2 protein chains.
Amino acid sequence: MINIQQLSQELGIGIDTLRVWERRYGCPKPQRDRHGHRSYTEEQRQELGIVRKLQDLGERPGNIFALSPQQRQRLLEKRVTDRAPADDDLRQLALTLPIVELTIALRHRLSSSGLYDFIHKTAVPLLHLLGYGWVEGSISIAREHFISDLIESMLQAELRRQAVAEEAPHLLFLNLSGERHRLGLLMAAALFQLEGCRSRLIQEHLPLNEVAPLAKELAADAVALSFSGQYPELKAKKELVELRRKLPAQIKLIAGGSALKNKVYLPGILLCSDLHQIPDIRKHLFGAAQQGQKEQP
Amino acid sequence: MINIQQLSQELGIGIDTLRVWERRYGCPKPQRDRHGHRSYTEEQRQELGIVRKLQDLGERPGNIFALSPQQRQRLLEKRVTDRAPADDDLRQLALTLPIVELTIALRHRLSSSGLYDFIHKTAVPLLHLLGYGWVEGSISIAREHFISDLIESMLQAELRRQAVAEEAPHLLFLNLSGERHRLGLLMAAALFQLEGCRSRLIQEHLPLNEVAPLAKELAADAVALSFSGQYPELKAKKELVELRRKLPAQIKLIAGGSALKNKVYLPGILLCSDLHQIPDIRKHLFGAAQQGQKEQP
DNA sequence: GTTATATTTCTGTCTAGGACAAATAACCAC
DNA sequence: GTGGTTATTTGTCCTAGACAGAAATATAAC
């Protein structure tokens, strides 16, 4: 039994939105407490979690609520298995392995396969499985958060551990999409650093018009922004164009995130719709300079 | 010119609250755009920033809005200088030093004075100066965020760098106060680790009833929670008592944060109202075991 | 004087239902 | 297919009132 505010926070859906959904689709139909305030059950929370995930995958509310809860569940399972080919090993890791062993297994994977493969073959599919995957109902919130926190801290440690050459290009990574989706940016930063750049990541949310002065003061060679799927596409474009205008020409601008899936062309802005493009982007921007970077013992 | 949502996010004040303040105190009196929507100026943003900070320091809205903007500003300056004795060196660091040099200066302080002194003599007063200190109007948001981000990453690196003995007590640090105030918990974690504990920090927001199972699964020896000043005191107490009930007796419970400033006594719960108490708490909980911990090269 | 309990004031968050811009889909011409 | 219009969907804002829970103050008891 939770109130509307808690529900809103846990799901990342606005309070107004929850109320208007109830009005329009009749769907999150909460009980009322003795003061007439909405009171949601754990079951409703889970149901809305599925709705939220379908929405993230591009489905629209009108269509989602036209389905029954069972249909929604099936649809989500289908979408997830379509996108993240079910590696059974990873599946077991995500869903059932005790977290102490899971920690060890992840560290092992990182050290045996290297950062590049770790990101592409472990972190990305694992997070995908987590984000959309506890449809099966068996993962606790604590487990979900613990695992993403773990991956985040592993990546940050790697980012710090790698030494880069003094004269390497200096990239500034910024997150504009609220607090969520920090991991996408972090992975991009790690991959760029692997390509011989110096990545500097700022987690806190910055107003757009403070970005250009900061980049100048830091003498960055490029600024990289990430827009989550939630971010309205047009807004993202406008902001990018404006930032490009404010930024000196010698500072490059890189944009990524699922909000920019359509391969629109914006002058002077490099789109990175897939982490796999990073090596090419790096070459395109800074030429084929020193690729290998030393690692500290 | 920003809308109410942006203002709410940047200040950490709810939309409803902003509207009700306008209704009651007539104070954030925004212009309206052509649709009748509220539109705030940069100046108003700054003014409300001061209000917010006074509130954090314990002042109540009714009293704050009874003052003129100038009086508010003066009051805040007084409160800040009272609390953080103005170290001119640090002041210059926070307010005027170019951030590149600032980074170097901070790293230098850390390596020369050690983690303990760095936290107590640099990080705490610096953050205080930042959090309440850009009253002087001269610090940009970007600078504020950059510096706290920098300190956070330095502390996290230290946390990871320090090796602790296998058999050291295992502490689990959790943040219940939303996304802000991560730094207080991080500093506590670092200080406990310095006292020979193994600190594990989880940044993401967890529902209270998931805490006990997680602590059990991780075989933690203690759980440490932080409640920010915003957190209602009674709620914090209730939640602590409930958590204590759910947690096995052998897992200790430590609570900190400015929400618990009144030294109430709760059975089975250790209050840590000041970072300086940490060495004592550690001794009290786990005896005077191996104090020194090795550092990795 | 201190501690406990009741009363009052203050403050944030909830409610309803309407409005409407921005985002997206559907359509149509080229 | 590509570009531009129209229709629909969807999230966020609006007003203004209600009221619970927190904090401050007053009152009583030791």
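Every chain is numbered from 1 and lettered A, B, ... according to where its sequence line falls, protein lines coming before strand lines. Bear in mind the structure is a predicted one, so any value in this text is a computation, not a measurement.
Mapping A:G58 and B:R34 onto DNA chain C via the closest heavy atom, the residue that lands nearer the 5' end is B:R34.
Of the candidate nucleotides D:dC13, C:dG12, C:dA19, C:dG12 has the atom nearest to the side chain of B:R24. The nucleotide whose nearest atom lies closest to any side-chain atom of B:P61 is, among C:dC14, D:dA22, C:dG12, C:dG12. For B:H35, the side-chain atoms get nearest to C:dA21 when compared with the rest of C:dA21, C:dT15, D:dC13. The side chain of B:R60 lies closest to D:dA23, out of C:dG12, D:dA23, D:dT10. Comparing C:dT15, D:dG11, C:dG17 by their closest approach to the side chain of A:R23 singles out C:dG17.
Ionic pairing of B:R32 and B:E22 is present here: one or more N-O contacts between side-chain nitrogen and carboxylate oxygen are shorter than 4.0 angstrom.
Atom pair A:I15:CD1 and D:dT10:C1' shows a separation of 18 Å (rounding to whole Å applied). Rounded to whole Å, the distance from CG on A:N3 to P on C:dT15 is 9 Å. Between the CD1 atom of A:I4 and the C1' atom of C:dT15 there is a distance of 10 Å, rounded to whole Å. At whole-Å resolution of the value, CZ in B:R52 and C1' in C:dT11 are 15 Å apart. When the P atom of C:dT13 is taken as reference, atom CG of A:L18 falls 16 Å away, rounded to whole Å. Rounding to whole angstrom units, NE2 of residue A:H37 and P of D:dG17 are separated by 17 Å. In this structure, A:Q55 places its CD atom 13 Å from C1' of C:dA23, rounding to the nearest Å. To the nearest angstrom, P of D:dC13 lies 12 Å from CZ of B:R32.
Within the nucleic acid shown, A:R38 comes within 4.0 Å of sugar-phosphate atoms alone, with no base atom in reach, counting heavy atoms only. Residue-level contact check: A:E22 touches neither bases nor backbone, having no heavy atom under 4.0 Å from any strand. A:Y25 comes within 4.0 angstrom of sugar-phosphate atoms only, judged by non-hydrogen atoms across all strands, and of no base.
Taking the six-membered ring where the residue is Trp, A:W21 and A:F65 present perpendicular rings, their angle passing 60° and hence far from 30°.
At distances below 3.5 Å, at least one donor-acceptor pair connects side-chain atoms of B:S8 with backbone N or O atoms of B:I13.
In the interface, the side chain of B:R19 is not paired with the base of C:dG12 through any donor and acceptor atom under 3.5 Å apart.
Atom CD of A:E42 has more than 12 neighbouring heavy atoms from other residues, nucleotides or ligands inside a 6.0 Å radius.
Between A:Q6 and the phosphate of C:dT13, there is no side-chain N or O to OP1/OP2 separation shorter than 4.0 Å. Note on B:Q5: every side-chain N or O is 4.0 Å or more away from OP1 and OP2 of C:dA22. Not one side-chain nitrogen or oxygen of B:T17 sits closer than 4.0 Å to the OP1 or OP2 atom of C:dT11.
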Please assess A:E239 against A:V211 for the test side-chain contact (heavy atoms from CB on, under 4.5 Å), listing each intermediate value before the final yes or no. CA-CA 11 Å; A:E239 295 188 347; A:V211 174; over 6 Å; no
Please assess B:Q31 against B:M1 for the test side-chain contact (heavy atoms from CB on, under 4.5 Å), listing each intermediate value before the final yes or no. CA-CA 9 Å; B:Q31 294 179 262; B:M1 281 293 139; 3.2 Å; yes
